[in-house]
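So the structure is just underneath, and the comments pick up after that.
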Amino acid sequence: MILIRGTVRRCGLLLFVLMASLPGVSSGGSLERFAGLEGKIDIAGGTAHIPVMNDAAKNVMDANPKIRITVAGGGSGIGVQKVGEGLVDIGNTGRALSKEEAEKYGLKSFPFAVDGVAVIVHPENSVKELSSQQVRDIFAGTITNWKQVGGQDAGIHLFTRDEASGTREVFWEKCLKKGATANTANVVPSNGAMKVAVAQDKSAIGYAGIGHVDATVKAVYLDGVVPTQENAMDGSYSVVRKLYMNTKGEPSRLVQAFIDYILSPEGAEITRKHGYIPISR
Amino acid sequence: MFACNGNVETFVLFRLSDKSEKWIEWILLIATCISAVAIIAILSLLVAFCLPLFTLGRIRGVLSSQWQPSGGYFGILPMCAGSLALSLLALSIAFPAAMGICTLLHVLARGVFNRFLLATVRFMTGIPTVVYGFVSVFLLVPPMREWLGAGTGFSLLTAAFTLSLLILPTIVLVLHARLEQIDPILRLASEALGLTPIQQMRHVLFPVASRGMVVAAVLGMGRAIGDTLISLMVAGNAPQFPVSLYHSIRTLTAHVALVVATDSRSMAYQSVFAAGLGLFLVTGLITLFIRKSGKAGREVRREKGF
């Protein structure tokens, strides 16, 4: 399944690159900004950004072989540190910068996508809907059995994310309202690991970016609202965050061109393809 | 016997000229100095980074038993306990298993099976940690959840099983190498006394190899306590004391990995260096302890006599 999807994606990408390299095709327009530029862009930080960055980097490098772009992960915290210390050109974060961070390093933020954070459970879990109060109580450890929220008689297995996670920060602020998380909760280090953990455990509850949610897990309705990117965009689903690219001071011409490309209609298409809602200029 | 011949040949190769030997001596000396300096540098760097904790009187906060950064609690004691419990448990699973495997290798198994066993153990040393972690998440965690009937399957016991698999080849190979060195005359003598293979192993070979056993245990323990990925992927990472085998725990290494990416001016980030220092000290203490207890044993004296 993954193989097929990968192949389809690769074919799509190939087609995309072919179209981009044909003169006169309209989509080639966004890549023209790289003409005459050369150099290297290093990108690191938020893990949610990686698929978008990778695809965009590939298109740019195919269009202009003189440009090299590297993409690494590490999490939002790493993104801030690395770009702040001048180790990379773009540091990605899945949350807005704190005032201290922005001031300390003189960082400039470029939001390019919106991503909701959904509460996820095992697909066979009979619970379809939770109120945000119930979610708060579950994560605080006061509700410990699925039966208390209308499910089967089984202990609730809590999964949360690490300290540096942008997903955790948004979930903690906007869904848990900065409430405590029980110390018994398992901690997983990425959106992918969260999905794997919840997909395997019938009693599990966790949270992940909506862009990551697929058939292996079930996103529950929160206060009666379906967690979809559409609802996240129009504001009816409130647990949302933006994905940011950050640079130290004003970006160089090359880096600016890359950021413009991500924000262009073509970049927005890549963002949408990976399950996020693009913010275009 | 095969390995023995190989050793002799390499030995001869190195003895070709005195000049090359001097070179080797120099290279080894430089390597030793670099390692020693590196360790001292790491220790002093950790202490330097920890200094703000001491001077600002925050050390008591770090040496407390609750980790809840949003509530202002930064205690790393549960992680210290988690690291100790996990590595001791893994060692207590892997060490007896390694002794069993060595018994098979040296007195019980013969021919093809022996070679196959040794090849398997050697192959195991080459498997990356992440593979063990990944396979455990899919193959070991779900059955552990079902069998234990409590907890999420991400637990102290699950991680200990996986970790023991990781450190097993290290222990087996060190012990095996030591047993290989033992004089064949000793074996002949013990065989002539009419000892069964198991008795030979128990009363002659293992006691003589006690020094090797200590080294094997130290190396195994070092790997166990220093491993990050397996505990990060399988142990569950809940910052609580390891009170039961099926509870989720967090080790110092996993803690550092989880917290190091946070805002570099936060208290949580500073406490990571305390965790690093703690890890360093715990490893050092264990090494010291095992070496001390190994020396105290009567077997060593016998080995010296031999």
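Throughout, a chain's letter reflects where its sequence line sits, starting with A, and its residues are numbered from 1.
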Decide if atom [atom1] of [X] counts as having more than 12 heavy atoms of other residues, nucleotides or ligands within a radius under 6.0 Å.
| X | atom1 | answer |
| --- | --- | --- |
| B:Y246 | OH | no |
| B:F241 | CZ | yes |
| B:F123 | CZ | no |
| B:F134 | CZ | no |

Could you report the tightest heavy-atom contact between A:E163 and B:V259, atom names first, then the distance? CG-CG2, 4.1 Å
Smallest heavy-atom separation, B:A238 atom then A:N183 atom, equals CB-O, 3.2 Å
If contact means a heavy atom pair closer than 4.5 Å, which residues of residues 191-209 of chain A contact chain B? A:V196, A:A197, A:Q200, A:D201
Among residues 141-159 of chain A, residues within the sub-4.5 Å heavy-atom range of chain B, in order of number, are A:H157, A:F159
Does B:L258 reach the side chain of A:P189, with side-chain heavy atoms less than 4.5 Å apart? yes
About how many Å separate CG of A:D162 and CZ of B:R250, when rounded to the nearest 0.5 Å? 8.5 Å
